[in-house]
Amino acid sequence: MTSPITPVSPVSRSEYCVVACAEAWRDNGEVLASPMGLVPSFGARLAKRTFSPDLLLTDGEAMLVGLDGTPEGWLPYRRHLTMVTGGRRHVMMGASQIDRYGNQNISCIGDWERPSRQLLGVRGAPVNTLNNPVSYWVPRHSRRVFVERVDMVSGVGYDRAEAAGVTRFHRLPRVVSDLGVFDFTGPGHTMRLASLHPGVTLDAVREATGFELAVADEVPYTREPTERELRLIREVIDPKGLRDREVRV
């Protein structure tokens, strides 16, 4: 196992985020990784190149692709749906709003009948969250995103899944933001701070969160990338440094 070393240049916040996203797919086995966003995509590729070699990557449309993006197989929509309903997919979606139970909104801001802002729409979020693991990526952690109550439920959280009796395949492994990593192991499946990215304080996370987070007595820092992981991120996966456009500190 490669030990972390001090790199030539310091590890950036965006690189900690890539590693944290990659960890979402650890020990997933042969599942379809469906990352949405640059940093989650880099994380999925890093996971496949290192500790999760059985992951299946796609071009986001109809092809299974290799590590270099070369098509390796056809993924027709019917097969995609079969994998979704069979739980053989782990999505990392974005969130315009997310609450303490993991209810996610990507549809609209404000009252549904007369929203102040129209967003993507519900899309496949309900089916995703009720049929296969779904994690979330938030590049700008703020009270506008981490809210007490979402304006509309797109992705289903733990409280609503339990109330509807549809918990068999419902699982939200983690939320990664530019400030830290979160899971839902707090009381009643509420959001808990799992780790802080180096350089971030607990007070900063609390100030940027619109509800009370569950916090352990001692919160670790997000793990350091290994020398090999850092080389892969910088030289192979994202040599143009696009990750820094999504995470700016």
Side-chain angles (χ1 to χ4, degrees), residues 16-17 20-28 36-37 39-40 43 87 90-110 112 119 122-197 200-223:
Y16 282 115
C17 290
C21 288
E23 285 288 341
W25 285 284
R26 184 180 285 276
D27 300 325
N28 275 197
M36 301 176 186
V39 167
H90 184 169
V91 185
M92 182 169 280
M93 299 178 67
S96 300
Q97 293 179 327
I98 190 167
D99 68 20
R100 73 182 71 213
Y101 292 101
N103 294 293
Q104 170 247 31
N105 175 24
I106 52 172
S107 183
C108 63
I109 301 299
W112 181 82
L119 305 175
V122 174
R123 310 287 287 187
V127 174
N128 288 341
T129 48
L130 294 180
N131 286 282
N132 50 246
V134 174
S135 294
Y136 292 107
W137 161 242
V138 179
R140 302 284 188 275
H141 191 129
S142 74
R143 287 176 174 262
R144 295 177 63 182
V145 180
F146 288 75
V147 297
E148 183 66 40
R149 182 183 178 87
V150 298
D151 292 336
M152 179 176 176
V153 176
S154 302
V156 181
Y158 278 100
D159 57 340
R160 290 177 177 270
E162 184 175 351
V166 287
T167 60
R168 184 178 179 186
F169 301 113
H170 179 267
R171 187 165 70 89
L172 309 177
R174 65 172 46 196
V175 177
V176 179
S177 81
D178 60 331
L179 299 185
V181 180
F182 309 82
D183 58 28
F184 292 92
T185 61
H189 280 301
T190 53
M191 193 181 295
R192 180 190 71 106
L193 177 60
S195 73
L196 291 165
H197 298 326
V200 178
T201 66
L202 176 57
D203 285 344
V205 173
R206 282 176 165 156
E207 179 62 29
T209 305
F211 52 84
E212 186 176 351
L213 277 168
V215 179
D217 292 337
E218 292 188 14
V219 180
Y221 285 114
T222 303
R223 76 167 178 86

Tell me the closest heavy-atom pair linking [X] and [Y], and the distance in Å.
{"X": "P126", "Y": "T129", "value": "O-OG1, 3.1 Å"}
{"X": "A161", "Y": "V156", "value": "N-CG1, 3.6 Å"}
{"X": "S195", "Y": "T222", "value": "OG-OG1, 2.8 Å"}
{"X": "W25", "Y": "G43", "value": "CZ3-C, 4.2 Å"}
{"X": "R192", "Y": "G186", "value": "CB-N, 3.9 Å"}
{"X": "Y158", "Y": "L172", "value": "OH-N, 3.0 Å"}

Do [X] and [Y] come within less than 4.5 Å of each other through their side chains, counting heavy atoms only?
{"X": "C17", "Y": "H197", "result": "yes"}
{"X": "H189", "Y": "D159", "result": "no"}
{"X": "V175", "Y": "F184", "result": "yes"}
{"X": "D178", "Y": "P139", "result": "no"}
{"X": "H141", "Y": "F146", "result": "yes"}
{"X": "I98", "Y": "M191", "result": "yes"}

| message | Tell me whether the count of non-hydrogen atoms from other residues, nucleotides or ligands lying under 6.0 Å of CZ in R143 goes above 12. | response |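 Above 12, so yes.
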| field | Other residues, nucleotides, ligands: >12 heavy atoms within 6.0 Å of R140 CZ | value |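 Count over threshold, so yes.
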| Pairs meeting criterion salt bridge (Lys or Arg N to Asp or Glu O under 4.0 Å) with involvement of residues 206-223, two or more places apart |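 Counting only pairs at least two positions apart or across chains, the salt bridge (Lys or Arg N to Asp or Glu O under 4.0 Å) contacts touching residues 206-223 are E23-R223, R223-E229.
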Can you measure from [atom1] ([X]) to [atom2] ([Y]) and round to the nearest 0.5 angstrom?
{"X": "N128", "Y": "H170", "atom1": "CG", "atom2": "NE2", "value": "11.0 Å"}
{"X": "L202", "Y": "L196", "atom1": "CG", "atom2": "CG", "value": "6.0 Å"}
{"X": "Y136", "Y": "F182", "atom1": "OH", "atom2": "CZ", "value": "15.0 Å"}

| field | Ionic contact status for R174 with D183, cut-off 4.0 Å | value |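 Answer for the salt bridge query: no.
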| field | Residue pairs, two or more places apart or on separate chains, that pass side chain to side chain donor-acceptor pair (under 3.5 Å) and touch residues 90-101 | value |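 For residues 90-101: N28-H90, H90-S135, Q97-N105, Q97-D151, D99-N103, R100-E148.
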| said: side chain to side chain contact (heavy atoms under 4.5 Å, CB included), that's the test. Do W137 and M36 meet it? Break it down for me. | reply: CA-CA 8 Å; W137 161 242; M36 301 176 186; over 6 Å; no
